[in-house]
Amino acid sequence: MNQSQRFIVLDSFRGLCAVSVVLFHLHIWQSIGEWRFFRSSGLLVEFFFVLSGFVLAHRYHLRRMTTAGFTDFMISRSCRILPLHFATLCIMTTLIFLRPLLYDGVSLSSLDDRFWHEQMREQWLYNATLLHAWLPDANLFSFNGPAWSISVEYYIYIAFGLIILLAQRRSTQAFCLLIALCSAAMVLLEPKIANSPGLRGLICFFVGAAVYALYLRLRDRTLHRYWMTALEIVCLFALYWMVTLKYPYKSYWATWGFASAILLFAYEGGLISSWLKRGVFTKLGEWSFSIYLVHYLLLYALTIALQHFHPSWLAQVGKVLYIDTGSTVGNNLLLLMVVASVLFCARASYQWIERPGMKLGKFWQQRRSAPAAQCAAIKI
């Protein structure tokens, strides 16, 4: 199988899930964002982890990982996610800095005590080093909230690369052993550890990597298009109930459900898959990382603007701050405007931040490989 092959349908799913996470964080009263599925869409982060494991296992399953290859792997992963992470962290830092000026009427001279105090500096350092999902005293949502999953995933990349490097052809067995150990830890350890972001991410990611090995064994077994369409429809209904229902160890069992869906849609054999290969869905998949990291900034900026210019539209319901224009139609129009703004900004950040970052990674890898190639040519 060609390692450069893209699973287009799975990319489209990633984009749809990213938009669902936007609606999960966007609390607009009596809007479609209050539908049951979107109120449960925080669980879709597990889907992102599983899909990352599946895709990276596909990309590296035929490669013999060396020390130099591990370095190239980390360059590729770092240049893929760090530029956008640092950009969004800086923008969010600026917004948090400006909020007391615009909303609370705080003077510029007193901002040091209100904003850049010792605890805030500590949290910022955790975010900058992507450690905030791993340290017990770190606040996951201290700056750009969704970046906690990037914190988890980045260090899982290191673990994945080291397993490929050390285990080589036995890497799948190593993945399964790690899944078993993490699953046991989830059951045996105290709830705080069992529900920790790092443990969740480890299980999800390596389940995805292990499921790719199963896909390799089954990929030549195909069904008629009608049967694949029927399976895809059943799978979508099952995913809906899996996401919306309440049950014990929901994150853990949903991980296996997402893995099953990824295994099915990787075949791209049904009518649903053919629809998901169309332009609008593929674009969402292309922008999905930007959608995921950029949207929280826009929602935060919207909250600041409403607090300053139109506070009557804001209402506290329990621990959640809702937006209510006073009209159901107005609320849904506002939701569409926010989603459109997120997509516009995601498109721009993909074009101006993500793509240059990926090009930088490739350039860096080529610069590293050039001396080795020259030495080989001299020996010949």
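Residue indices begin at 1 and follow the sequence shown.
- Note: Trp134 and Tyr155 have perpendicular aromatic rings, judged against thresholds of 30 and 60 degrees for the angle between ring planes.
- For the pair Asn144 and Ile150, the minimum side-chain heavy-atom distance is 4.5 Å or more.
- Within 6.0 Å of CE on Met358 lie more than 12 heavy atoms contributed by other residues, nucleotides or ligands.
- Atom CZ of Phe237 has 12 or fewer neighbouring heavy atoms from other residues, nucleotides or ligands inside a 6.0 Å radius.
- Phe344 CZ: 12 or fewer foreign heavy atoms inside a 6.0 Å radius.
- Between Phe206 and Phe175, the angle of the ring planes lies from 30° to 60°, which puts this pair in the tilted group.
- Side-chain N or O atoms of Gln168 include one that pairs as donor or acceptor with a backbone N or O of Met65 at under 3.5 Å.
- Aromatic ring pairs are classed by plane angle as parallel below 30°, tilted from 30° to 60° and perpendicular above 60°; the pair Tyr157 and Tyr154 is perpendicular.
- Side-chain atoms of Leu23 and Val339, non-hydrogen and from C-beta on, do get closer than 4.5 Å to each other.
- No more than 12 heavy atoms of other residues, nucleotides or ligands lie within 6.0 Å of CZ in Arg170, so this atom counts as exposed by the packing criterion.
- For Phe7 and His58, the distance between ring centers is under 6.0 angstrom.
- Side chains of Tyr240 and Arg36 form a contact here, defined as non-hydrogen atoms less than 4.5 Å apart.
- Smallest separation of non-hydrogen atoms from Leu306 and Ile323: CD1-CD1, 3.8 Å.
- Judged by distance alone, the side chains of Asn332 and Ser31 never bring a donor and an acceptor atom under 3.5 Å apart.
- Open room surrounds CD on Gln119; 12 or fewer heavy atoms of other groups in view lie less than 6.0 Å from it.
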message: Between Tyr212 and Phe54, does the ring-ring contact (aromatic ring centres under 6.0 Å, His included) criterion hold? Intermediate values first, please.
response: CA-CA 5 Å; Tyr212 180 74; Phe54 184 89; 5.2 Å; yes
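- Within 6.0 Å of the CZ atom in Phe363, the count of heavy atoms belonging to other residues, nucleotides or ligands does not exceed 12.
- Crowding of Arg347 atom CZ: a count of heavy atoms from other residues, nucleotides or ligands under 6.0 Å not exceeding 12.
- The aromatic rings of Phe24 and His27 sit tilted relative to each other, their planes meeting at an angle between 30° and 60°.
- Proximity of the aromatic rings of Tyr350 and Phe289 is defined here by a centroid distance below 6.0 angstrom, and this criterion is not met.
- The shortest side-chain heavy-atom distance between Val152 and Phe205 does not fall under the 4.5 Å cut-off.
- Ser183 and Tyr252 share a side-chain donor-acceptor pair at under 3.5 Å.
- Relative ring orientation between His25 and His295 is described as parallel, the plane-to-plane angle staying below 30° on a 0-90° scale split at 30° and 60°.
- Put simply, CG on Leu264 and OG on Ser273 are 7.0 Å apart, with the number rounded to the nearest 0.5 Å.
- Phe48 has its side chain out of reach of Ser149: every pair of non-hydrogen atoms, C-beta onward, lies at least 4.5 Å apart.
- Taking the six-membered ring where tryptophan is involved, the planes of Phe47 and Phe13 are tilted, since the angle between them lies from 30° to 60°.
- For the pair Gln365 (side chain) and Asp72 (backbone), a donor-acceptor distance under 3.5 Å is present.
- For Ser171 and Tyr60, the side-chain atoms include no donor-acceptor pair closer than 3.5 Å.
- Between Val211 and Phe258, every side-chain heavy-atom pair lies at or beyond the 4.5 Å cut-off.
- The local environment of NZ in Lys250 is crowded, with over 12 non-hydrogen atoms from other residues, nucleotides or ligands closer than 6.0 Å.
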